[in-house]
2 protein chains.
Amino acid sequence: MVTDARIVRSQEALLSAALEKLHHSPDATLSEIAQHAGVGRTTLYRLFPSRDALIRALALHCLGRMDAVTAPITQQAQSALDAIRLLFQYVMPLTREFALLMRVDQLLADDPEVVAIHRKHHRELAELIDYAKRQKEISAALSTVWLVGLIEGLFHLGWSVQTEHGYSAEEAAEMAYTSFTQGAQR
Amino acid sequence: MVTDARIVRSQEALLSAALEKLHHSPDATLSEIAQHAGVGRTTLYRLFPSRDALIRALALHCLGRMDAVTAPITQQAQSALDAIRLLFQYVMPLTREFALLMRVDQLLADDPEVVAIHRKHHRELAELIDYAKRQKEISAALSTVWLVGLIEGLFHLGWSVQTEHGYSAEEAAEMAYTSFTQGAQR
DNA sequence: ATGAAATGGAACAGTGTTGTATCATAAACA
DNA sequence: TGTTTATGATACAACACTGTTCCATTTCAT
């Protein structure tokens, strides 16, 4: 009961192509995606029964990557603020995945499973911020929902400067952390 | 040579409805927009010859609003940083317009006039930031392109918390300014 | 009140996308 | 090497949206 080598190759090519096309323009055609993957449109429909199924699989794939990358943070972080620093550092290379997930609400009407994992990420980030506030590592002047949004926005900005201005993921992560902690003044 | 009252009413209703629908989901149907405006689809096509024409008119409308709102800043600002504070304060109530303009690249293939004005705004913001850097009001540690993106991201975040969490425009502007200048630390 | 103009409904063709079915060909497996 | 299985090309129906035309009705202007 081993899956044919052609299937896994096609699946990977399709998910990769879909990631690239869909985060660029969310209403990319399945023909475009298949073509960009070097795969026939028929094969796409054979592996992913519908457009939603493809997007759903892609979203779950991206969420899985995020989970995998952020898992070790809990062990390594010296403090709550350090966890946020590591978060920028580890997630910034995955900005394509992150950017797609930011559009998932728009792409996927509402898939219960995807939405559930998405909310879980959100909640964990909020908990991290609240913890940092209690530890007096970050100011309580800004509300938690604002700070969650700020971090997400900094990821988005990091993706933007990487793709449009040739910054490296490390540079982007450092700028994001600086922006988050100190801002721009003085 | 006065335009009929019905025409201006329909135009305003259509632009308003288009603003609301398109910044929510960029591929909203013209039927949806017309219906949401309480106007027949035929009328929409009579006033705006094509989908692109409507989006183009809407983009120019939003750009005009932005210009009108930001014009007095040059006179009023006490310093470069104060100009940025006023920018947040004055533009934050227009986040719907701002949010649509952020998607204009995606909505409008590439209209030369719209793109030109858009670039002008971008350039002016970059010049303001560079000036603030020369005045030692903000740090040179973060690149200008990053800071331009940061400000745009803060506008986006401001729109988000207004619509999704019931914050007022004033609150959003203040949080944005705090985030920009000080960040979240301590 | 009357003429002029805008409106909205319906029906239409054109187009592009989704999703399905068929079949000859190519590649993987044993 | 032979068998099984995935592939891709083509053709197809269903559907939604765009953009146009026509016409009866409503609303504005004077």
Side-chain angles (χ1 to χ4, degrees), chain A residues 1-59 61 100 103-104 106-111 114, chain B residues 1-59 61 100 103-104 106-111 114:
Chain A
M1 185 51 205
V2 189
T3 28
D4 195 301
R6 288 168 286 185
I7 292 182
V8 298
R9 223 187 303 146
S10 298
Q11 274 185 345
E12 284 171 10
L14 281 168
L15 284 179
S16 175
L19 177 56
E20 199 149 327
K21 285 287 177 185
L22 286 176
H23 100 272
H24 180 267
S25 66
D27 38 345
T29 303
L30 294 191
S31 305
E32 289 181 65
I33 293 171
Q35 192 173 352
H36 191 258
V39 159
R41 198 170 67 94
T42 316
T43 303
L44 194 160
Y45 274 103
R46 210 173 277 119
L47 299 179
F48 303 96
S50 71
R51 182 171 224 276
D52 269 13
L54 171 64
I55 295 177
R56 188 186 130 86
L58 183 58
H61 172 79
L100 184 123
R103 297 198 169 182
V104 85
Q106 184 186 334
L107 285 165
L108 224 52
D110 35 11
D111 181 272
V114 172
Chain B
M1 185 52 206
V2 189
T3 29
D4 195 303
R6 290 167 284 185
I7 292 182
V8 299
R9 224 188 303 146
S10 298
Q11 275 184 345
E12 284 170 10
L14 281 168
L15 284 179
S16 176
L19 178 55
E20 200 150 325
K21 284 287 177 186
L22 285 177
H23 99 271
H24 180 266
S25 65
D27 39 345
T29 302
L30 294 191
S31 306
E32 289 180 64
I33 293 172
Q35 192 173 353
H36 190 258
V39 159
R41 198 169 67 95
T42 317
T43 304
L44 193 160
Y45 274 103
R46 229 185 315 265
L47 300 178
F48 304 97
S50 71
R51 182 172 224 276
D52 269 13
L54 171 65
I55 294 177
R56 188 187 131 85
L58 183 58
H61 172 79
L100 185 124
R103 297 199 169 180
V104 84
Q106 183 186 332
L107 284 165
L108 223 52
D110 35 12
D111 180 272
V114 172

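Labels below follow one simple rule: chain letters A, B, ... track the order of the sequence lines, proteins then strands, and each chain is numbered from 1. Note that these values count all heavy atoms, side chains included, but never hydrogens, waters or copies made by symmetry.
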Margin query: Run L30(A) and Y45(A) through side chain to side chain contact (heavy atoms under 4.5 Å, CB included) and show every step you take.
Written below: CA-CA 9 Å; L30(A) 294 191; Y45(A) 274 103; 3.2 Å; yes
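If you take CG of D4(B) and C1' of dA29(D), they are 8 Å apart, rounded to a whole angstrom. The distance between atom CZ of R9(A) and atom P of dT7(D), rounded to the nearest whole Å, is 9 Å. Going from atom CG of L44(A) over to atom P of dG8(D) covers 11 Å, rounded to whole Å. Nucleotide dG19(D) holds its C1' atom 9 Å from the CG atom of L30(B), rounded to whole Å. One can place OH of Y45(A) at 8 Å from P of dT20(C), the figure rounded to the nearest angstrom. In this structure, the CZ atom of R51(A) is 9 Å from the C1' atom of dT17(C), given to the nearest Å. In this structure, Q35(B) atom CD and dA16(D) atom P are separated by 15 Å, rounded to whole Å. Rounding to whole angstrom units, CZ of residue F48(B) and P of dA6(C) are separated by 15 Å.
The side chain of A5(A) has dC29(C) as its nearest neighbour among dT7(C), dC29(C), dT18(D). Checking dT20(C), dG19(D), dT7(D) against every side-chain atom of R41(B), the shortest atom distance belongs to dG19(D). For I7(B), whose side chain is taken as the heavy atoms from C-beta onward, the closest listed nucleotide among dT20(D), dT7(C), dG8(D) is dT7(C).
For the pair H24(B) (side chain) and E20(B) (backbone), a donor-acceptor distance under 3.5 Å is absent. Side chain of S16(B) to backbone of E12(B): no donor-acceptor contact under 3.5 angstrom is found. With T43(A) contributing its side chain and V39(A) its backbone, the two residues share no donor-acceptor pair below 3.5 Å.
Summarising the local packing, CD of E32(A) is surrounded by more than 12 heavy atoms from other residues, nucleotides or ligands at distances under 6.0 Å.
T42(A) comes within 4.0 angstrom of a base, heavy atoms only.
Close to dA6(D), at under 4.0 Å from its OP1 or OP2, lies no side-chain N or O of S10(A).
The base of dT27(D) sits with one of its N or O atoms less than 3.5 Å from a complementary donor or acceptor on the side chain of R6(B). In terms of polar N and O atoms assigned as donor or acceptor, the side chain of R46(A) never comes within less than 3.5 Å of the base of dG19(C) in a complementary pairing.
Mapped onto DNA chain D by nearest heavy atom, T29(B) and Q11(A) fall at different nucleotides, with Q11(A) at the one closer to the 5' end.
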